[in-house]
Student: 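Below is the structure I would like to discuss, written out as structure tokens.
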2 protein chains.
Amino acid sequence: MPQDGPSLEEGTDPPHDAKAGSFVDDYLLYLLAAVSDRASGQFHAHVRAHGLRAPEWRVLACLADEDGAMVTELARLSLLEQSRLTKIIDQMAARGLVSRRADPVDARRVRVFLTHQGRAQAVGLVADARAHEARLLALLTEEEAGAIKPVLRALLARMERS
Amino acid sequence: MPQDGPSLEEGTDPPHDAKAGSFVDDYLLYLLAAVSDRASGQFHAHVRAHGLRAPEWRVLACLADEDGAMVTELARLSLLEQSRLTKIIDQMAARGLVSRRADPVDARRVRVFLTHQGRAQAVGLVADARAHEARLLALLTEEEAGAIKPVLRALLARMERS
DNA sequence: TACATTAACATGAAATTTCATATAATTTGA
DNA sequence: TCAAATTATATGAAATTTCATGTTAATGTA
């Protein structure tokens, strides 16, 4: 278990100097936030070029997976707060991307559906997202690329129940 | 190289069903955002209990590493937009956590320093952050825990230059 | 030198986000 | 069955965030 700092591997990265101070560059939550921010930022530029903002894209993507989700479900999935999601849905509905429908069995629940147009957007962007993801993964070695999602999923799953 | 889905390892996670749809649960940027959100969310609760909001904590943490950073530098480090950071610094300065000082050699630059009080906060929270990080990493196997930071750093480094 | 260009930061108005709470429907359980 | 208690979503005001642009200082260059 080599522990002499990052990478004796191959396509050597700049020595990861730990620049000035050394906290954030070695802090897991910072690395996660930084990678997420920059990586998502790249794709969000594309998303905005299609007239959507990041949270709207997230909602579309989640609905692509689970059309007819109730607001609370959708908020959790799309990493948005409920009251914020409600307002985002307002706007998306006004633009014809989604529609609301009361749940027939529990009238408190509001289910959110993609419209025809919304689904078209979602399908297109999901394809673009997959392509972008492939480009990102191509920056990693096979080993790294193979490890990253399972590790993230493991962490996510084990955080839920703790 | 076993490749029959996540983990033949040990503390088996729920089979990662890919629930209903199957896009987001397998999408790297989603996993990153989700893990980052939930993990940081945990710590941010602690941060708020100390009277700071998440972006303020990020600024403190970055300054702990690089006291006297100029605004633009600090914005990049702390993953905040410049104009937003400027306003956050206003507030933090008003509360006595940081102070501004013009750069002697280039008067356009504004350098941001921790005050005595700011540093105290930073030091305390950084320690707490390390402890929290340890608890998160304890959710992973040794192999997973050993892999996660290097992979994130690799991705980050290679994204910068692309 | 002086002019144009670029860089660093600040600012203001518009938009979004947050937080607490309102409203309405369902469930609990006495 | 009725009155709490709880769940689901919406709403409004205050705060933050964004976006475009203003201001000031430095740099390149003719």
Side-chain angles (χ1 to χ4, degrees), chain A residues 33 36-38 40-41 43-45 47-49 51-60 62-63 66 68-95 97-113, chain B residues 33 36-38 40-41 44-45 47-60 62-63 66 68-95 97-113:
Chain A
S36 182
D37 257 51
R38 302 225 209 282
S40 287
F43 189 65
H44 292 165
V47 163
R48 275 190 299 277
L52 296 175
R53 284 167 315 158
E56 294 165 344
W57 148 240
R58 285 202 176 142
V59 170
L60 281 192
C62 292
L63 286 176
E66 213 162 311
M70 50 181 281
V71 172
T72 302
E73 247 177 315
L74 190 55
R76 180 174 162 70
L77 250 185
S78 53
L79 312 175
L80 296 168
E81 225 198 336
Q82 178 265 314
S83 82
R84 187 177 166 194
L85 176 60
T86 290
K87 288 166 193 185
I88 289 172
I89 291 172
D90 287 344
Q91 298 181 143
M92 294 178 75
R95 284 194 280 151
L97 294 170
V98 302
S99 72
R100 280 189 242 242
R101 236 165 71 204
D103 185 304
V105 43
D106 184 339
R108 290 170 303 181
R109 299 180 174 180
V110 169
R111 300 206 165 266
V112 184
F113 295 87
Chain B
S36 182
D37 257 50
R38 303 227 209 280
S40 286
H44 291 165
V47 164
R48 274 190 299 277
H50 285 246
L52 295 176
R53 283 167 315 156
E56 293 165 345
W57 147 241
R58 285 204 176 141
V59 170
L60 280 193
C62 292
L63 285 176
E66 214 163 312
M70 49 181 282
V71 171
T72 303
E73 248 176 315
L74 190 56
R76 179 173 164 71
L77 250 185
S78 54
L79 312 175
L80 297 168
E81 226 197 335
Q82 178 264 313
S83 83
R84 188 178 165 193
L85 175 61
T86 289
K87 289 166 193 183
I88 288 172
I89 291 171
D90 287 345
Q91 297 180 142
M92 293 178 74
R95 284 194 281 153
L97 294 170
V98 302
S99 72
R100 280 189 241 243
R101 235 165 72 206
D103 185 303
V105 43
D106 183 339
R108 292 170 303 180
R109 300 182 175 179
V110 169
R111 301 208 164 264
V112 184
F113 295 87

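Owing to the predicted nature of the structure, the values given are computational and were not obtained by experimental measurement. In what follows, chains carry the letters A, B, and so on, assigned in the order in which the sequence lines appear, proteins first and then strands, with residues in each chain numbered from 1.
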Student: In this structure, how many angstroms lie between the P atom of D:dT6 and the CZ atom of A:R109, rounded?
Tutor: 17 Å
Student: Tell me the interatomic distance from B:Q82, atom CD, to C:dT6, atom P, rounded to whole angstroms.
Tutor: 18 Å
Student: Toward the 5' end of DNA chain D, which comes first, B:A107 or B:R53, by nearest nucleotide?
Tutor: B:R53
Student: Measure NZ/B:K87 against P/D:dT21 and give the value in whole Å, please.
Tutor: 15 Å
Student: Side-chain N or O of B:T86 less than 4.0 angstrom from OP1 or OP2 on C:dC9?
Tutor: no
Student: Measuring from the side chain of B:R108 (C-beta onward, heavy atoms only), which nucleotide among D:dA25, C:dC19, D:dT17 has the closest atom?
Tutor: D:dA25
Student: Without decimals, in angstroms, what is the distance between A:I89 CD1 and D:dT9 P?
Tutor: 9 Å
Student: Ignoring hydrogens and geometry, is there a side-chain-to-backbone donor-acceptor pair from B:E73 to B:M70 under 3.5 Å?
Tutor: yes
Student: Measure from the side chain of B:V110, starting at C-beta and using heavy atoms only, and say which of D:dT9, C:dT16, C:dA10 lies closest.
Tutor: C:dA10
Student: Within the structure provided, determine whether B:T86 and B:V110 are in side-chain contact (heavy-atom separation under 4.5 Å).
Tutor: no
Student: Against A:D103, only a single residue in A:R109, A:R111, A:R108 fulfils side chain to side chain donor-acceptor pair (under 3.5 Å); can you say which?
Tutor: A:R111
Student: Looking across every strand, which nucleic acid part, if any, lies under 4.0 Å from B:E73 by heavy atom: base, sugar-phosphate, or nothing?
Tutor: nothing
Student: Do the side chain of B:Q91 and the main chain of B:I88 share a donor and acceptor less than 3.5 angstrom apart?
Tutor: no
Student: Which nucleotide in the set C:dT17, D:dT16, D:dC19 lies at the smallest distance from any side-chain heavy atom of B:E81?
Tutor: D:dC19
Student: Could you give the CD-to-P distance, from A:Q91 to D:dT11, as a whole number of Å?
Tutor: 13 Å
Student: Grab the CZ-C1' distance between A:R48 and D:dC19 for me, whole Å please.
Tutor: 11 Å
Student: With a sphere of 6.0 Å drawn around CZ of B:R101, does it hold more than 12 non-hydrogen atoms of other residues, nucleotides or ligands?
Tutor: no
Student: Hey, which of these two, B:T72 or A:E56, hits DNA chain C nearer its 5' end, going by closest nucleotide?
Tutor: B:T72
Student: In whole angstrom, what separates A:D106's CG from D:dA8's C1'?
Tutor: 8 Å
Student: Tell whether B:S83 reaches the base of C:dC9 with its side chain through a donor-acceptor pair below 3.5 angstrom.
Tutor: no
Student: Given atom CZ of B:R84 and atom P of C:dA13, what is their separation to the nearest angstrom?
Tutor: 21 Å
